[in-house]
Amino acid sequence: MNDTGPHAALHARHRAVTPAWLATYYRQPIEITHGEGRHVWDAEGRRYLDFFGGILTTMTAHALPEVAKAVAEQAGRILHTSTLYLSTPMVELAEQIAELSGIPDAKVFFTTSGTEANDAALLLATTYRRSNQVLAMRNSYHGRSFSTVGITGNSSWSPTSLSPLQTLYVHGGVRTKGPFAHLSDAEFIAACVEDLEDVLGQAEGTVAALIAEPIQGVGGFTSGPDGLFAAFKRVLDRRGILWITDEVQTGWGRTGDHFWGWQAHADAGPPDILTFAKGVGNGLSMGGVVARAEVMDCLGANSISTFGGSPITTAGALANLRHLLDNDLQANTRTTGALLLGRLREAAERLPVVGEVRGRGLMIGVELVGPDGEPSPAAATATLEHARELGLLIGKGGRQGNVLRIAPPLSLSTAEAEEGAELLVRALQQAGDAAGKEQAP
């Protein structure tokens, strides 16, 4: 990459005016200037196959014509009004999401991000239950605001121990690590339920809610067995504790098997509150909360949203959601995701650098390890760089930063899945070879 080109110049300006903690990918960060379908181009003209979608946000495709048309038409009428005024696109999108959510008597509140959606869900739950005690999962991530950092169980994304909430962390978010890893799925669930009961026994008074990602995103695409949260919910229901499902990354069919992540745990019924963001806007700043009316209407004070549910974002999101449903992208996700998982698991058998390949649909995690079997963030960073050099954009996560995150747009074709798998395997081989040379005497 050119050390003196437009990327280098922009990076210098970026560092001068943005916080030191504002992370960027790559030794030499890139600017993405435009995209089409599953591909993007950078400021130096390089083309990439996009397997991360702006952190699982470009859900359907780059430059999707239906979304571009809806946004342009709405922009030609009016960009902004606020929730103080009625809005047809906002009501139409809310009606569709309420119906899709699976929550009975559902109401919807729109926000501008997943962080803000989870903030709103915490406000609803703690107000409804008159308690600031919240259950969360170990290794979780729910946002960057003061309150959501307070329920984030992933220490690498938690910059402060201060919080307005009393958070109690329970087991279950990571199947292959920890004290229950050796158990069968049924035994694992039973042990996690026992842990939940024990934690609740130590709580003082009322607990407001359990908030959980069905598949932990930033945590490295980890999850417990199907049915775990159904077992949890039976415990919660006996005590009136609410279940908040954080679907910011798992929603809209990304897992392939289900439209929502919570549906893998549906035996005990739907959640009380569901949060969403990212993919529904396909890049537009969009999030929200769905809750049964009794919970949603519990706030006694006045409230509005200046930008949540704006005409332009809801018009674009509505067009995006209709495209996803009309073209059954969930089914496509199931097919292409299975192909990708198969290719990567097959390659992992001959790549010592790969400790585990896991995931569901187009939400795949590749955990990288060193020769000693310990997490290798260096191998993950190296693979990220090699993949970019080969023309493939991927993500990275996990508490130790050693998990590759693979999450292409849901319209990914079979040919693109094959191509991306080949490029990723080549990048893994390069990272593994380099690590082996470093270990050689």
Side-chain angles (χ1 to χ4, degrees), residues 18-19 21-24 52-59 83 97 108-127 132 134-137 139-165 167 169 173 208-221 242-252 254 260-262 271 273-291 296 299 303-310 313-314 317 363 395-397 399 405 407:
T18 61
W21 42 260
L22 192 64
T24 54
F52 200 40
I55 320 178
L56 290 79
T57 301
T58 305
M59 177 173 68
T83 56
I97 291 174
V108 181
F109 174 72
F110 289 108
T111 66
T112 61
S113 70
T115 291
E116 190 188 347
N118 285 331
D119 254 346
L122 291 169
L123 175 63
L124 290 171
T126 54
T127 301
N132 74 333
V134 175
L135 298 164
M137 306 299 293
N139 197 51
S140 59
Y141 174 83
H142 296 288
R144 55 170 172 70
S145 67
F146 188 48
S147 66
T148 54
V149 163
I151 55 166
T152 287
N154 186 326
S155 58
S156 61
W157 288 87
S158 183
T160 177
S161 62
L162 303 175
S163 175
L165 303 166
T167 307
Y169 292 99
L210 164 72
I211 185 167
E213 305 155 272
I215 299 176
Q216 295 182 330
V218 170
F221 290 173
L242 303 179
W243 173 24
I244 304 170
T245 183
D246 179 343
E247 302 277 355
V248 168
Q249 297 195 32
T250 51
W252 319 109
R254 178 160 290 278
W260 304 105
W262 72 262
I273 301 174
L274 179 152
T275 61
F276 63 85
K278 289 191 182 291
V280 68
N282 204 45
L284 295 165
S285 184
M286 162 67 67
V289 185
V290 189
M296 185 66 83
L299 303 183
S303 190
I304 63 165
S305 180
T306 304
F307 292 107
S310 79
T313 57
T314 51
M363 194 172 185
K396 187 161 65 86
R399 192 165 65 86
R405 299 169 67 198

### Any side-chain heavy-atom pair of Leu242 and Leu210 under 4.5 Å
no
### Task
Using the side-chain contact (heavy atoms from CB on, under 4.5 Å) rule, take Met286 and Thr112 through it: C-alpha gap first, then chi angles, then the decisive distance, then the call.
CA-CA 5 Å; Met286 162 67 67; Thr112 61; over 6 Å; no
### Query
Roughly how far, to the nearest 0.5 Å, is CD1 of Ile304 from OG1 of Thr83?
5.0 Å
### Query
Donor-acceptor pair, Thr111 side chain versus Gly288 backbone, under 3.5 Å?
yes
### Query
Is the backbone N or O of Leu124 less than 3.5 Å from a side-chain atom of Thr127, with the two atoms forming a donor-acceptor pair by type?
no
### Query
Only one of Asn132, Thr152, Leu135, Ile151 forms a side chain to side chain contact (heavy atoms under 4.5 Å, CB included) with Thr167, so which one is it?
Ile151
### Task
Provide the closest heavy-atom pair for Gly281 versus Ala317 in the form atom of the first, atom of the second, distance.
CA-CB, 4.2 Å
### Query
Atom CZ in Phe109, atom CE in Met296: separation rounded to 0.5 Å?
8.0 Å
### Task
Output, in order, the C-alpha distance, side-chain angles, deciding distance and verdict of side-chain hydrogen bond (donor to acceptor under 3.5 Å, both in side chains) for Thr313 and Ser310.
CA-CA 6 Å; Thr313 57; Ser310 79; 2.9 Å; yes
### Task
Kindly indicate whether the side chain of Pro159, heavy atoms from C-beta on, has any atom under 4.5 Å from the side chain of Val149.
yes
### Message
Return the OH to OG distance between Tyr141 and Ser156, rounded to the nearest 0.5 Å.
### Response
10.0 Å
### Task
Kindly indicate whether the side chain of Leu56, heavy atoms from C-beta on, has any atom under 4.5 Å from the side chain of Arg254.
yes
### Task
Give a yes or no answer on whether the side chain of Ser140 reaches the backbone of Gly153 with a donor-acceptor pair at less than 3.5 Å.
yes
### Query
Under 6.0 Å from the CG atom of Leu123, do we count more than 12 heavy atoms belonging to anything else shown?
yes
#### Entry: Minimum side-chain heavy-atom gap Val218-Gln249 below 4.5 Å
yes
### Message
Can you confirm whether Phe307 sits close enough to Ser285 that some side-chain heavy atom of one is under 4.5 Å from a side-chain heavy atom of the other?
### Response
no
### Message
Less than 4.5 Å apart, side chain to side chain, heavy atoms only: is that true for Glu213 and Met137?
### Response
no
#### Entry: Spacing of CG belonging to Asn139 relative to CD belonging to Gln216, to within rounding of 0.5 Å
4.5 Å
### Query
Do other residues, nucleotides or ligands put more than 12 heavy atoms under 6.0 Å from Arg399 CZ?
no
### Query
With a 4.5 Å heavy-atom cut-off, do Phe110 and Ile97 have their side chains touching?
yes
### Message
What I'd like to find out is whether the side chain of Thr245 reaches to under 4.5 Å of the side chain of Thr275, using heavy atoms alone.
### Response
no
### Message
Would you say Thr250 and Glu247 are linked by a side-chain donor-acceptor pair, where the criterion is simply a distance under 3.5 Å?
### Response
yes
## Note on the structure
Looking only at heavy atoms, the pair that brings Phe146 and Pro164 closest together is CE2-CD, 3.6 Å
### Summary
Interatomic distance, CE@Met59 vs CG@Asn282, rounded to 0.5 Å, equals 6.5 Å
### Summary
On a heavy-atom basis, the closest approach of Ala277 and Ser113 is CB-C, 3.9 Å
### Query
Strictly under 6.0 Å, is that where the ring centroids of Trp260 and Phe276 end up?
no
### Query
Does Thr57 have any side-chain contact (heavy atoms from CB on, under 4.5 Å) partners at least two apart in sequence or in another chain, and if so, which?
Lys278
### Query
For Ala125 and Ile244, which heavy atoms make the closest approach, and how far apart are they?
CB-CD1, 4.0 Å
### Message
Using every non-hydrogen atom in the two residues, find where Val289 and Ala117 come nearest and quote the distance to one decimal.
### Response
CG2-O, 3.2 Å
## Note on the structure
Between Gly217 and Arg405 the two heavy atoms that sit nearest each other are O-NE, 3.3 Å
### Summary
One should read off an interatomic distance between Leu122 CG and Ile273 CD1, to the nearest 0.5 angstrom, of 8.5 Å
### Message
For the backbone of Arg144 and the side chain of Thr115, can you confirm whether one donor and one acceptor N or O come within less than 3.5 Å of each other?
### Response
yes
